[in-house]
Amino acid sequence: MLIGAIADDLTGATDLALNLARGGMRTLQVIGARDDVDALSGYDAVVVALKSRTIDPVEAVAQSLMAEDLLARAGYYQLIFKYCSTFDSTETGNIGPVIEALATRCGAPLAIVCPAFPTNGRTVYNGYLFVDHMLLNESPMKDHPLTPMRDANLVRLLQAQTAMAVGRITHKTVATGPAALREAFAAAVEQKKKIVVVDAINDDDLKTIGAAASDFKLITGASGIALGLPDNFHFAGLLDLSPPPASLPAPAGRAAILAGSCSAATREQVKAAAASGMPTLKIDPIAVAKGLVDADGIHAWAQAQPDRQPILIYSSDDPTTVEAVHERLGRAEAGALIETLLADAAQRLVGSGFTRIIVAGGETSGAVVPALDIAALEIGPEIDPGVPWTRTSDGQLALALKSGNFGAPDFFLKAWSRLT
Ligand code: ADP
């Protein structure tokens with residue numbers, strides 16, 4: 001194995017695995033830090049998917065170190081810690097503590113931080129994170145149900161999370177090329193920085209960072225941080241490039257979408273799916289809390305729908321309604337309630353002939369996949385930037401795990417055409 005990676009949620013893990021696969025690496029995504037080193041052999045890159053994005057920092061550190069231990073026993077050369085391109089970590093979040101722990105564990109003198117994903121409009125400039133033309137704290141991310149992002153300054157945000165000194169490297173240096181960037185890394189080390197936020201506004205910047213970081217033990221960022229890495233191994237004669245898949249042979253069976261994301265992109269996708277005439281079932285968290293809606297009810301509704309077209313089950317709602325739900329039920333409680341319900345529903349659907357499933361939402365996917373007892377996923381074709389179809393190792397289930405804010409409005413309609 002050349003690259004070992006730890007992702008703080010499932011959809012993020014898939015997104016990173018996709019970039020590594022597109023770069024020519026044979027890539028496996030493993031669900032959780034399972035203690036099965038043998039299963040990792042034969043791959044160029046292994047991405048361990050955790051569900052640590054919003055858990056307590058102490059627990060997130062423990063899980064990340066356990067994943068590192070598994071990857072270390074399989075023998076990685078370079079470690080990636082992957083988080084969201086919208087950072088999804090407030091001042092009390094765990095990205096800083098996890099970077100600190102991993103850097104210490106693998107003896108990295110300097111760790112790179114770069115959540116840029118330019119294809120999806122996430123760029124880092126002067127250390128500030130942008131979502132399209134907006135600063136992070138002015139984007140819809142300011143209203144995220146679990147991680148409301150109220151500061152776009154990544155240096156300030158990270159420095160609140162970690163005792164390690166955080167510096168930054170500007171776009172001017174990145175645009176000059178890998179040699180200038182390497183010098184800036186060396187200067188940061190001399191200034192006793194342990195973490196550097198590096199600007200990137202396009203994919204070429206990410207490739208430059210990748211090239212300059214060929215000797216780095218620890219690289220952290222969104223999936224784009226992997227863009228330049230496979231080539232380093234290829235040029236060093238360590239990697240034979242494998243072409244990425246164009247379609248995915250999927251098992252026959254019914255198709256369903258489970259959407260627990262309230263992100264703007266998912267809400268658009270729900271609207272487009274409903275407008276197309278797709279059968280839809282909206283889940284109201286208050287009704288769930290009162291015991292008026294459960295997995296049995298969802299299953300019964302699914303069974304009553306025509307089996308020739310996909311169905312959509314969603315709890316996605318606008319920020320005002322979500323806020324009202326939080327006031328009544330509590331933020332974490334409402335999240336857990338919906339996650340558990342959609343996970344139970346997924347289990348019931350798969351048990352009754354559904355074999356092609358899209359899940360929208362990082363946390364939601366993180367609840368659904370363990371409920372389906374999935375150990376590992378092979379990476380298939382890309383549907384929209386950052387979201388591939390995947391297939392369980394036994395070939396029984398095709399899954400697309402979509403980060404809430406990813407995908408074009410017609411994602412729920414067009415995704416099925418990539419399955420054969
Ligand atoms: P995203 O990828 O868009 O961030 P996630 O699934 O990670 O989506 O997070 C969305 C969170 O919001 C989940 O915990 C989910 O259970 C919760 N949620 C879903 N629908 C509602 C709703 N209507 N009201 C409140 N919380 C909700």
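Bear in mind the structure is a predicted one, so any value in this text is a computation, not a measurement. Both ligands and their constituent atoms are indexed starting at 1 by order of listing.
- Here Tyr128 and Phe130 keep their ring centres 6.0 angstrom or further from each other.
- Considering all non-hydrogen atoms of both residues, Ala343 and Ala367 come closest at CB-O, 3.4 Å.
- Two rings, from Phe406 and Phe117, have their centers less than 6.0 Å apart.
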Put together the list of close N/O pairs, under 3.5 Å, between ligand 1 and the protein, could you?
unit_1   : atom_1 : unit_2 : atom_2 : d
ligand 1 : 2 (O)  : Gly362 : N      : 2.9
ligand 1 : 2 (O)  : Gly404 : N      : 2.9
ligand 1 : 3 (O)  : Ser261 : OG     : 2.6
ligand 1 : 3 (O)  : Ser263 : OG     : 2.4
ligand 1 : 4 (O)  : His144 : NE2    : 2.6
ligand 1 : 6 (O)  : Glu363 : N      : 3.3
ligand 1 : 6 (O)  : Thr364 : N      : 3.0
ligand 1 : 6 (O)  : Thr364 : OG1    : 2.6
ligand 1 : 7 (O)  : Gly362 : N      : 3.2
ligand 1 : 7 (O)  : Glu363 : N      : 2.7
ligand 1 : 14 (O) : Glu339 : OE2    : 2.5
ligand 1 : 16 (O) : Gly335 : O      : 2.8
ligand 1 : 20 (N) : Ser315 : O      : 3.4
ligand 1 : 20 (N) : Ser315 : OG     : 2.8
ligand 1 : 23 (N) : Ser315 : O      : 2.9

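- More than 12 non-hydrogen atoms from other residues, nucleotides or ligands lie less than 6.0 angstrom from CZ of Arg150.
- One distance of note links CG of Asn94 with CZ of Arg53; it measures 9.5 Å at 0.5 Å rounding.
- Ring orientation note: the planes of Trp389 and Trp416 are tilted relative to one another, at an angle of 30° to 60°.
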